Amino acid sequence: MQTVGTVSNYTGITERTIQYYDILKILPLHRHNGIRILFEKDLNALLKIMILKMLNTKVTTIKKTNPAELDFNEILTSLEQLGHHLNEVMICLEKLQGEKSEEGLLTALRIVNEFINLYVNKR
């Protein structure tokens, strides 16, 4: 059992952010003597929320998914896919540094656009 303040100090996630998730009912907090606390299951849910935010998932989408019920394996698969696509972007940009051809630029634009469509526009 951890207080919101302790979690905030340890993780760098602001107390206001955690309270915001509570207000939205994404991460309903428990109260003990007026102090907001998080149990282990809440910390797991908060981790899932933060990973989804890292994947550029909108809060409204997170609210619909119920983070507490998400499986870490599903999240891991999403992170692996994200890593694969970021790696493709990095490889393409490294090649582009050496050869500044129109074909290289078009390839880079295609890969970046695919990334945006997969991870930014659809969330």
Side-chain angles (χ1 to χ4, degrees):
M1 172 173 69
Q2 302 291 327
T3 66
V4 169
T6 301
V7 172
S8 176
N9 289 335
Y10 191 81
T11 65
I13 302 167
T14 66
E15 289 185 42
R16 182 69 193 119
T17 296
I18 297 169
Q19 291 169 357
Y20 178 65
Y21 296 150
D22 180 33
I23 291 167
L24 293 177
K25 305 287 190 251
I26 294 173
L27 181 70
L29 299 177
H30 310 275
R31 285 166 181 73
H32 180 71
N33 295 332
I35 298 171
R36 292 182 174 114
I37 57 173
L38 294 98
F39 292 99
E40 185 176 344
K41 68 179 181 66
D42 304 319
L43 295 173
N44 275 319
L46 181 57
L47 176 59
K48 292 171 187 176
I49 291 167
M50 297 309 291
I51 291 170
L52 290 170
K53 290 295 295 170
M54 184 176 74
L55 292 170
N56 203 30
T57 307
K58 294 179 181 176
V59 174
T60 53
T61 303
I62 294 172
K63 187 173 181 176
K64 293 176 189 174
T65 61
N66 189 2
E69 295 178 5
L70 284 177
D71 181 21
F72 273 118
N73 289 326
E74 292 175 29
I75 294 172
L76 182 58
T77 299
S78 294
L79 287 173
E80 287 171 347
Q81 290 171 349
L82 173 65
H84 173 73
H85 288 107
L86 281 174
N87 193 42
E88 284 183 5
V89 170
M90 288 172 35
I91 289 169
C92 186
L93 292 176
E94 286 171 358
K95 286 180 182 176
L96 193 57
Q97 284 181 329
E99 63 168 88
K100 302 216 184 248
S101 67
E102 285 185 13
E103 184 179 341
L105 287 168
L106 289 172
T107 301
L109 284 167
R110 179 184 53 79
I111 291 172
V112 170
N113 187 54
E114 287 173 2
F115 180 86
I116 289 168
N117 287 330
L118 283 169
Y119 297 102
V120 179
N121 292 341
K122 295 201 175 182
R123 303 226 182 254

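All heavy atoms count here, side chains included; hydrogens, waters and symmetry mates do not. Counting from 1, the numbers follow the sequence of the chain as shown. Since we're looking at a predicted model, the values are computed, not measured.
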Exercise for review: Return the minimal non-hydrogen interatomic distance between L46 and V7, and the atom names on each side.
Suggested key: CD2-CG1, 4.0 Å
Point to revise | Linked, directly or transitively: I37 and L29 (ILVMFWY side chains, under 4.5 Å) | key: no
Review point. Hey, quick one: are M50 and L52 part of the same hydrophobic cluster, counting side-chain heavy atoms closer than 4.5 Å, chains of contacts allowed?
Key: yes
Exercise for review: Using the side-chain contact (heavy atoms from CB on, under 4.5 Å) rule, take Q2 and N9 through it: C-alpha gap first, then chi angles, then the decisive distance, then the call.
Suggested key: CA-CA 11 Å; Q2 302 291 327; N9 289 335; over 6 Å; no
Practice item. Tell me whether I18 is reachable from F39 by hopping between hydrophobic residues (I, L, V, M, F, W, Y) whose side-chain heavy atoms are closer than 4.5 Å. Key: no
Revision key, fill the gap. dist Q81:CD -> L79:CG (nearest 0.5 Å) comes out at 9.5 Å
Point to revise | Y21 reachable from M1 in the ILVMFWY side-chain graph, under 4.5 Å edges | key: no
Exercise for review: Look up atom OG1 in T77 and atom CG in L82, then write down how far apart they are to the nearest 0.5 Å.
Suggested key: 12.5 Å
Practice item. Among residues two or more places apart or on two chains, list those pairs meeting side chain to side chain donor-acceptor pair (under 3.5 Å) that have a residue in residues 36-53. Key: H30-D42
**Study point:** I35 with L43, same ILVMFWY side-chain cluster at under 4.5 Å
**Key:** no
Review point. With side chains defined as the heavy atoms from C-beta onward, is the minimum distance between Y20 and T14 less than 4.5 Å?
Key: no
Check your understanding: Closest approach of E15 and G5, non-hydrogen atoms and distance?
Key -> OE2-CA, 3.5 Å
Review point. Does a donor on one side chain and an acceptor on the other come within less than 3.5 Å for H84 and E88?
Key: yes
Practice item. Please lay out, stage by stage, how L27 and L38 fare under the test side-chain contact (heavy atoms from CB on, under 4.5 Å). Key: CA-CA 9 Å; L27 181 70; L38 294 98; 3.9 Å; yes
